[in-house]
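Notes to accompany the following structure.
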Amino acid sequence: MTTYWTTTDSPVGPLLLTADDGGLTGLYMEERRHGPHDVDPSWVRDDRPFDSTVRQLDAYFAGDLKEFELPLNAAGTPFQREVWAALRSIPYGEVRSYREIAEQIGHPTAFRAVGMANGRNPISIIVPCHRVIGTSGALTGYGGGVERKRALLDFEAGRSTTGA
């Protein structure tokens, strides 16, 4: 299956987007902990598969979009996919703890595994892993950096008027 890619600018820096015929497979920030660090030579550069994604990201960062409607095709284990689906249910501007996500998916003691799955989310922002915090309310790790996590949360809470 062909992997397509493009880049787009955002208030949190350049974003690398990847997709296949099934949908968006990745949204990666610069200086990330997980995911590809370079474009694979077998990938095909093509902006067209990302028109809707870029349009929706622009609307999100303009404050005009609160929920993305895109076909997603992230590769992951069944548990990871279950966690990522739960992340998509967190409303814009709200947060949940790792424990709350674990309880939501029926694995109340698996909050550490939820944290690991959250950290492996390949479609950041759209699958809002930034909305997950520690039980104490602390901002815990974020693949794109805690500063970006804070910026996204502040933006969604209305504490930033210039985008994240």
Side-chain angles (χ1 to χ4, degrees), residues 1-62 64-90 92 96 98 101-102 105 107 110-133 139-153 155-156 162-164:
M1 184 175 291
T2 302
T3 297
Y4 304 97
W5 71 277
T6 193
T7 58
T8 189
D9 290 327
S10 81
V12 294
L15 303 174
L16 169 65
L17 305 174
T18 60
D20 61 22
D21 293 328
L24 191 68
T25 58
L27 185 156
Y28 304 100
M29 299 177 194
E30 281 189 324
E31 301 170 21
R32 61 194 163 270
R33 192 174 311 149
H34 301 291
H37 293 284
D38 290 308
V39 172
D40 189 290
S42 69
W43 297 353
V44 175
R45 172 74 189 240
D46 189 348
D47 297 341
R48 290 171 300 169
F50 305 98
D51 288 344
S52 183
T53 302
V54 170
R55 200 169 31 256
Q56 289 186 44
L57 283 166
D58 288 347
Y60 167 81
F61 285 117
D64 298 329
L65 181 79
K66 305 223 183 308
E67 190 172 321
F68 292 90
E69 293 183 22
L70 295 164
L72 305 180
N73 195 26
T77 67
F79 181 81
Q80 287 172 328
R81 288 174 179 258
E82 192 173 16
V83 170
W84 300 336
L87 299 179
R88 293 199 71 199
S89 74
I90 304 171
Y92 179 95
R96 299 290 183 272
Y98 296 99
I101 297 296
I105 64 171
H107 300 281
F111 49 90
R112 285 196 174 107
V114 165
M116 291 182 71
N118 192 62
R120 294 284 183 180
N121 169 26
I123 307 177
S124 60
I125 302 171
I126 293 169
V127 177
C129 50
H130 61 278
R131 296 180 189 154
V132 184
I133 60 173
L139 293 188
T140 55
Y142 183 61
V146 174
E147 309 78 31
R148 284 191 184 118
K149 182 174 190 164
R150 168 57 61 206
L152 289 166
L153 291 174
F155 169 69
E156 290 185 3
T162 60

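Owing to the predicted nature of the structure, the values given are computational and were not obtained by experimental measurement.
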Checklist line | Shortest non-hydrogen contact between L70 and R88, atoms and distance | finding: O-NH1, 4.5 Å
Margin query: According to salt bridge (Lys or Arg N to Asp or Glu O under 4.0 Å), does anything in residues 41-50 pair up with another residue at least two apart or in another chain? List the pairs.
Written below: R45-D47, D46-R48
Check: Roughly how far, to the nearest 0.5 Å, is the CZ atom of R131 from the OG atom of S89?
Finding: 10.0 Å
Notebook entry, point to check: Nearest 0.5 Å, what's the CG-NE2 distance between L87 and H130?
Noted result: 10.0 Å
Check: What residues, two or more places apart in sequence or in another chain, satisfy salt bridge (Lys or Arg N to Asp or Glu O under 4.0 Å) together with R150?
Finding: D154
Next item on the list: Sequence neighbours left out, what passes side chain to side chain donor-acceptor pair (under 3.5 Å) with T2? Give chain and number order.
Entry: none
Next item on the list: Of all the heavy-atom pairs spanning A86 and I101, show the shortest one and how long it is.
Entry: CB-CG2, 4.1 Å
Checklist line | More than 12 heavy atoms of other groups within 6.0 Å of R81 CZ | finding: yes
Margin query: Minimum heavy-atom separation for P71 and G22, please, with both atom names.
Written below: CB-O, 4.0 Å
Next item on the list: Hey, could you give me the CZ/CZ distance between R120 and F79, rounded to the nearest 0.5 Å?
Entry: 14.0 Å
Notebook entry, point to check: Hey, is the main chain of A117 close enough, under 3.5 Å, to the side chain of W84 for a donor-acceptor pair?
Noted result: yes
Note to self: Looking at K66 and E156, would you say the former's side chain and the latter's main chain have a donor-acceptor pair under 3.5 Å?
What the structure shows: no
Check: Step by step, would you call I126 with T53 a side-chain contact (heavy atoms from CB on, under 4.5 Å)?
Finding: CA-CA 9 Å; I126 293 169; T53 302; 4.1 Å; yes
Checklist line | Pairwise side-chain contact, L57 with F50, heavy-atom cut-off 4.5 Å (strictly under) | finding: no
Margin query: Is there a side-chain contact between I123 and L24 in this structure, where contact means two heavy atoms from C-beta onward sitting under 4.5 Å apart?
Written below: yes
List the atom pairs, donor and acceptor, that lie under 3.5 Å between side-chain atoms in residues 11-19 and the rest of the protein, sequence neighbours left out.
{"unit_1": "T18", "atom_1": "OG1", "unit_2": "T25", "atom_2": "OG1", "d": "2.8"}
{"unit_1": "T18", "atom_1": "OG1", "unit_2": "G26", "atom_2": "N", "d": "3.0"}

Margin query: Can you confirm whether Y28 sits close enough to S124 that some side-chain heavy atom of one is under 4.5 Å from a side-chain heavy atom of the other?
Written below: no
Check: Checking D58 side chain against F61 main chain: does a donor-acceptor pair fall under 3.5 Å?
Finding: no
Item checked: K149 to V132 - nearest heavy-atom pair and separation -> NZ-O, 2.6 Å
Next item on the list: Answer yes or no: is there a donor N or O on one side and an acceptor on the other, between the side chain of N121 and the main chain of V127, under 3.5 Å?
Entry: yes
Check: Quick one: ring-ring contact (aromatic ring centres under 6.0 Å, His included) partners of Y92, sequence neighbours excluded?
Finding: none
Check: OH of Y60 to CZ of F155: how many Å apart, nearest 0.5 Å?
Finding: 5.5 Å
Next item on the list: Using the test salt bridge (Lys or Arg N to Asp or Glu O under 4.0 Å), find all partners of E82 that sit at least two apart in sequence or belong to another chain.
Entry: none
Checklist line | Nearest non-hydrogen partners of M1 and D21, listed with the distance | finding: SD-N, 4.1 Å
Check: Where do F68 and I125 come nearest, in terms of heavy atoms and distance?
Finding: CE1-O, 4.1 Å
